[in-house]
Amino acid sequence: MYDSLPSIDVSSLQERVYQSLRHALLTGHFQPGEPISIRKLADSLGTSPMPVREALKRLMAEKVLVQSSSRQIRVTPFDPKLHEEFVRIRMEMEGYAAERAARVRDAGLPDRLRAHDAAMVEAAAQGRADLALAANKAFHFEIYRAAGYPQLVEILENLWLRTGPFLGTIGREPVNLDTFFGNGHHFHSRAIEAIVARDGKKARRAISLDIRVGTMFLRKVYVPYDAARTPPAAPTRIAAPPTS
């Protein structure tokens with residue numbers, strides 16, 4: 001009787017939880033230095049604590065999260081020197097990916113990029129920093145996937161994960177979203193033009209400048225996480241892990 005019951009794929013659930021938490025870190029749900037509650041995450045995702053705990057272990061191994069001597073798990077605090085290193089690496093690697101993408105023959109790529117960029121601008125106008133960040137990420141990785149190097153995309157995803165919480169603070173700080181994402185729109189438009197013209201060097205420069213200018217803008221207003229400070233409201237619920 002019991003032998004006929006279908007087994008539960010626990011590993012699949014753990015992977016979905018892990019991917020949901022990765023996405024949350026990239027789209028402004030958590031700030032650098034912010035404490036992480038396993039129970040609250042499990043409640044938000046609608047799962048038991050076990051898959052959340054396993055996902056957090058993976059993120060700690062990837063240095064996105066850290067654990068203190070008191071076993072408190074936190075988002076890795078912001079380190080200006082380390083962040084600058086990540087930004088310079090991103091500029092080189094993402095610029096290279098954009099240069100390659102500009103030379104591929106993908107007739108639909110410019111239209112897909114315009115759609116992502118328009119979604120970013122619209123979300124920013126609505127004050128939805130989380131949706132604008134998600135659309136911005138979709139724009140960039142549309143280009144990187146077009147470069148045709150899956151391993152490069154994987155490396156870039158990990159770099160974004162390390163810098164994502166800092167970028168995500170834009171949803172918590174008193175930042176003019178229209179200005180911040182307007183700058184992004186400017187460089188996105190230049191990247192699209194370069195891709196249409198199949199000009200790899202201009203595409204590389206547009207993406208590199210997008211990264212640099214966005215970072216410089218946000219660092220001017222960044223305030224380190226302070227538990228005593230009440231930040232503007234951020235999304236209170238993390239999207240449930242996808243089923244596929």
Side-chain angles (χ1 to χ4, degrees), residues 13-90 128-134 136-137 154-175 180 211 214-242:
L13 176 60
Q14 290 175 355
E15 178 63 24
R16 298 202 306 272
V17 170
Y18 169 72
Q19 293 298 335
S20 292
L21 292 180
R22 278 176 62 101
H23 181 71
L25 286 158
L26 285 167
T27 52
H29 282 262
F30 304 104
Q31 296 188 69
E34 185 172 351
I36 302 294
S37 166
I38 294 176
R39 180 182 59 78
K40 289 181 180 179
L41 284 177
D43 290 344
S44 181
L45 290 166
T47 70
S48 69
M50 185 184 73
V52 173
R53 190 174 291 109
E54 293 303 314
L56 295 182
K57 286 180 181 178
R58 290 176 64 178
L59 292 167
M60 283 189 284
E62 293 171 340
K63 300 182 180 180
V64 184
L65 305 178
V66 294
Q67 188 171 39
S68 67
S69 56
S70 63
R71 302 187 66 80
Q72 171 69 66
I73 298 174
R74 293 179 178 272
V75 179
T76 300
F78 178 71
D79 180 328
K81 184 177 180 180
L82 183 59
H83 185 264
E84 178 64 20
E85 182 178 337
F86 283 138
V87 167
R88 290 185 178 276
I89 292 170
R90 282 187 54 200
R128 291 296 305 272
D130 57 328
L131 296 181
L133 287 171
N136 176 65
K137 179 177 181 289
E154 183 176 335
I155 292 169
L156 293 179
E157 285 179 342
N158 289 331
L159 283 171
W160 273 60
L161 193 59
R162 296 292 299 274
T163 58
F166 171 73
L167 185 61
T169 60
I170 193 170
R172 310 284 186 102
E173 306 299 343
V175 176
F180 179 82
I211 296 167
T215 297
M216 291 175 64
F217 183 97
L218 192 53
R219 285 186 68 164
K220 290 180 181 179
V221 299
Y222 173 67
V223 179
Y225 177 81
D226 180 358
R229 185 170 62 95
T230 302
T236 57
R237 188 169 184 84
I238 298 173

Starting at [atom1] of [X], measure out to [atom2] of [Y] and round the result to the nearest 0.5 Å.
X      : Y      : atom1 : atom2 : answer
Ile211 : Ile89  : CD1   : CD1   : 11.5 Å
Met60  : Ile73  : CE    : CD1   : 4.0 Å
Leu218 : Ile170 : CG    : CD1   : 6.0 Å
Phe78  : Thr163 : CZ    : OG1   : 10.5 Å
Phe86  : Asn158 : CZ    : CG    : 10.0 Å
Leu133 : Phe180 : CG    : CZ    : 7.0 Å

Lys/Arg-Asp/Glu bridge criterion (N-O < 4.0 Å) met for [X], [Y]:
X      : Y      : result
Glu85  : Arg162 : no
Glu54  : Lys57  : yes
Asp130 : Arg128 : yes

Which pair of heavy atoms, one from [X] and one from [Y], lies closest together, and at what distance?
X      : Y     : value
Pro165 : Pro32 : O-CD, 3.4 Å
Gln31  : Val75 : O-CB, 3.3 Å
Val17  : Ala55 : CG1-CB, 4.0 Å

Q. Can you tell if the side chain of Arg22 reaches within under 4.5 Å of the side chain of Val64, non-hydrogen atoms only?
A.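 Counting from C-beta outward, Arg22 and Val64 never come under 4.5 Å.
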Q. Heavy-atom distance under 4.5 Å between the side chains of Pro77 and Val66, does that happen here?
A.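 In contact.
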Q. Any donor-acceptor pair under 3.5 Å linking the side chain of Arg74 with the backbone of Gly33?
A.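 Answer holds: yes.
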Q: Run the numbers on Glu62 and Leu59 for side-chain contact (heavy atoms from CB on, under 4.5 Å), then give the verdict.
A: CA-CA 5 Å; Glu62 293 171 340; Leu59 292 167; 3.7 Å; yes
Q) So among Leu45, Thr47, Leu41, Leu25, which one has a side chain to side chain contact (heavy atoms under 4.5 Å, CB included) with Ser20? A)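 Going through the options one by one, the only one that passes is Leu45.
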Q) Do Arg58's NZ or CZ and the ring of Tyr18 fall within the cation-pi criteria of under 6.0 Å and 45°? A)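 Output yes; distance and angle both within limits.
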Q: Quick one: list whatever passes salt bridge (Lys or Arg N to Asp or Glu O under 4.0 Å) with Arg39, sequence neighbours left out.
A: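 Listed in chain order: Asp43.
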